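Structure record follows, encoded as structure tokens.
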Amino acid sequence: MELKTSPHCQETEATILGSLLNTSGQIDGIPQAHDLLSPECFYLPAHRDLYRALHTLWTENTPPDIHLLVRQLEKQGSPVDYLFLSGIIGKTTFQLPKYVQVALELYQRRQLAAIALGLYQECHNELNDIHQLLNNTRDSLNHISHGFAPESSTLDEAIDQIRKRVEHNLHNESSLTGTPTGFHHLDQQSGGLQGSNLIIIAADTSQGKTALATKFVLEALWTQAPCAYYSLEMKKEELAARLIAMQSGLSASNLLYGKLQLPQIEQMERGLSRLYGLPLYFDDRTGSNLDTIIASIRTLTNRYHLRGVVIDYLQILNINMKESNKETQMAEAARRLKNLAHELNIWIIALSQLSRDTSKNVIGRLRDSGQIGEAADIVIAIDRPEAYGKHYTAPFQDVDPKGTARIDIVKGRNIGLQQFICGFEATTTRFYELDQVPHLTHTTTDPF
């Protein structure tokens, strides 16, 4: 007995490879495809070689193009057939996860067929111990099913996690289960920044979005929680200057462009001493392309075990969605970032501009797409009436706006809504908690 044709589908394999090579494919399924598929899942040797090259480029955080792909094929000793590659490039799908599932099932069928053929031959040899045959067959079947078993858990396991959290809160002075924000009011309500959360910081232009995100990152770094920062407007040197400014009291513009005197240099060095060795990472190669940024976040999380990420900011991300408007693109970006945060169990802070339509609430004013707020777990708005020569509205109408800001949690899944006043030092773009300001916390229930 022998197999004349093993179960396979060349068109399915070619479409998967074309989608992985073309950024116009179902991008959201590409990481899952790389996680689930191995070269052995492809029936044709040419398809196996091509997938091996694509997977190598992906794990190196290198967006594939035809030149890099050919070079990788040559490096791994695989033949290069340009006619074959041109046929692959022309194939793509927006249903990549479904194609991956088909390829996996066909691979399982080939494995089962191979087991069946081997078992048929083994059974005709009476010298083989029947119990050993049964055990070997059982092990082989378990190996196949284990390799593709979905990750699942029970309600009992989830309840056990809640019990552990309750016990942790009971026996620890700090109720922090995530990374601290540096604001007692917020940490007390939320337990800190939590893994799997997408947090949107929204404000008008030049109101402190980057400064607040930097504040959160710095507080996380003090606990040695590794973070990554993706700024689409500033270089890493400018961000570093902001961190130094926050710690030294010198303005970032002085650090970057001024001629410091000896006392100021000593002041800068004191600030620098608090920053050396903190686990903050940048990736200058990503640019503004969302696909590249997501691939980089995966790589850095695997390498450095990131706890949090900042993306500054949403509206200038480049989304690979042809013939779609800005609203659709922003909704897609928020959805994918939320999925990524959940998958990697990290928090992601994404900054967002607000539209000028003050007749809407903050979530309705999230520029280009109100669906950003739907994907987010927490939406934080910043209000600095001092910048406009105005005063706070109720319940903070009696607070002097000079040197202060209002932090407004306008959406807080599982933590409720909250407002509080904090200090803001404009010269160093530093947010800080006020020591003694009574009756400035206002908390309500989040309707979301």
Side-chain angles (χ1 to χ4, degrees), residues 60-61 172-174 176-184 186-187 191-195 197 199 201 208-258 260-286 293 295-312 341 344-351 422-423 425 427-433:
E60 293 176 351
N61 193 28
N172 289 272
E173 292 184 8
S174 172
L176 282 181
T177 56
T179 56
T181 66
F183 295 115
H184 172 74
L186 181 54
D187 287 342
L193 301 178
Q194 301 291 332
N197 277 0
I199 301 138
I201 297 180
K209 295 185 295 295
T210 300
L212 185 59
T214 306
K215 158 77 172 175
F216 288 163
V217 166
L218 194 54
E219 293 293 334
L221 295 176
W222 294 140
T223 66
Q224 291 300 309
C227 298
Y229 204 114
Y230 295 84
S231 177
L232 312 186
E233 288 192 312
M234 294 187 289
K235 296 179 179 179
K236 61 179 179 295
E237 293 82 5
E238 295 175 278
L239 286 166
R242 285 193 172 218
L243 290 171
I244 298 169
M246 292 168 65
Q247 293 304 300
S248 67
L250 298 169
S251 70
S253 59
N254 263 351
L255 292 166
L256 289 169
Y257 313 114
L260 301 184
Q261 302 300 314
L262 182 59
Q264 292 175 309
I265 292 175
E266 292 175 348
Q267 188 176 347
M268 179 193 72
E269 291 295 339
R270 286 193 295 271
L272 282 173
S273 66
R274 304 187 188 104
L275 298 174
Y276 278 119
L278 295 181
L280 180 60
Y281 301 95
F282 307 96
D283 189 346
D284 294 332
R285 302 171 299 167
T286 57
I293 290 173
S296 173
I297 292 171
R298 291 181 184 280
T299 300
L300 293 183
T301 301
N302 289 332
R303 186 177 302 166
Y304 301 114
H305 307 290
L306 297 182
R307 294 283 299 280
V309 169
V310 173
I311 298 176
D312 185 1
L344 300 180
N345 194 30
I346 61 174
W347 48 261
I348 296 179
I349 294 175
L351 276 53
C422 66
E425 190 175 68
T427 56
T428 61
T429 64
R430 182 174 72 96
F431 283 92
Y432 59 95
E433 191 164 41

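Only a predicted model underlies this, so the values are computations on that prediction, with no experimental measurement involved.
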Completion exercise
Here the pair of heavy atoms bringing Gly208 nearest to Phe431 is O-CE1, 3.4 Å
Problem - Any donor-acceptor N/O pair, Gln247 side chain to Leu275 backbone, under 3.5 Å - result: no
Handout entry: Residue pair Gln264, Met268: steps toward the side chain to side chain contact (heavy atoms under 4.5 Å, CB included) verdict
Key = CA-CA 6 Å; Gln264 292 175 309; Met268 179 193 72; over 6 Å; no
Completion exercise
Closest non-hydrogen atoms of Ser296 and Asp283, given as atom of the first, atom of the second and distance, are OG-OD2, 2.6 Å
Exercise for the section: Using a 4.5 Å cut-off on heavy atoms from C-beta on, say whether the side chain of Cys422 contacts that of Phe183. Expected result: yes
Practice task
Locate the shortest heavy-atom distance separating Ser251 from Ala245; write the atom from each residue and the value.
Solution key: C-CB, 4.1 Å
Completion exercise
Rounding to 0.5 Å, atoms CG (Asp312) and OH (Tyr229) come to a distance of 4.0 Å
Exercise for the section: With rounding to the nearest 0.5 Å, note down the distance linking SG in Cys227 to CH2 in Trp347. Expected result: 4.0 Å
Handout entry: Distance in Å, Asn345 CG paired with Gln194 CD, rounded so as to fall on 0.5 Å steps
Key = 9.5 Å
Exercise for the section: Return the set of residues passing side chain to side chain contact (heavy atoms under 4.5 Å, CB included) with Arg303 (not counting sequence neighbours), or none when no residue passes. Expected result: Thr299
Exercise for the section: Kindly indicate, with the supporting measurements, whether the criterion side chain to side chain contact (heavy atoms under 4.5 Å, CB included) is fulfilled by Thr181 and Leu193. Expected result: CA-CA 7 Å; Thr181 66; Leu193 301 178; 3.8 Å; yes
Problem - Shortest non-hydrogen contact from Arg298 toward Leu344 - result: CA-CD1, 4.3 Å
Exercise for the section: Can you see which heavy atom on Leu300 is nearest to which on Ala228, and at what distance? Expected result: CD1-CB, 4.1 Å
Practice task
Please name the residue in the list Glu238, Lys236, Glu237 that meets the side chain to side chain contact (heavy atoms under 4.5 Å, CB included) test with Met234.
Solution key: Glu238
Would you list the atom pairs, donor with acceptor, under 3.5 Å between side chains in residues 212-224 and any protein atom, with sequence neighbours excluded?
| unit_1 | atom_1 | unit_2 | atom_2 | d |
| --- | --- | --- | --- | --- |
| Thr214 | OG1 | Thr210 | O | 2.7 |
| Lys215 | NZ | Glu219 | OE2 | 3.0 |
| Thr223 | OG1 | Ala220 | O | 2.6 |

Problem - side chain to side chain contact (heavy atoms under 4.5 Å, CB included), paired with Tyr230, selected from Val310, Ile348, Ile293 - result: Ile293
Practice task
Considering non-hydrogen atoms only, spot the tightest contact between Thr429 and Met246 and give its length.
Solution key: O-CG, 4.2 Å
Problem - Reported CD1-to-CG distance for the pair Ile346 and Leu306, which is rounded to 0.5 angstrom - result: 6.0 Å
Fill in the blank from the handout: Distance col, row Arg274:CZ vs Leu243:CG, nearest 0.5 angstrom, shows 12.5 Å
Exercise for the section: Find the distance between CD1 (Ile199) and CD1 (Ile349) and round it off to the nearest 0.5 Å. Expected result: 5.0 Å
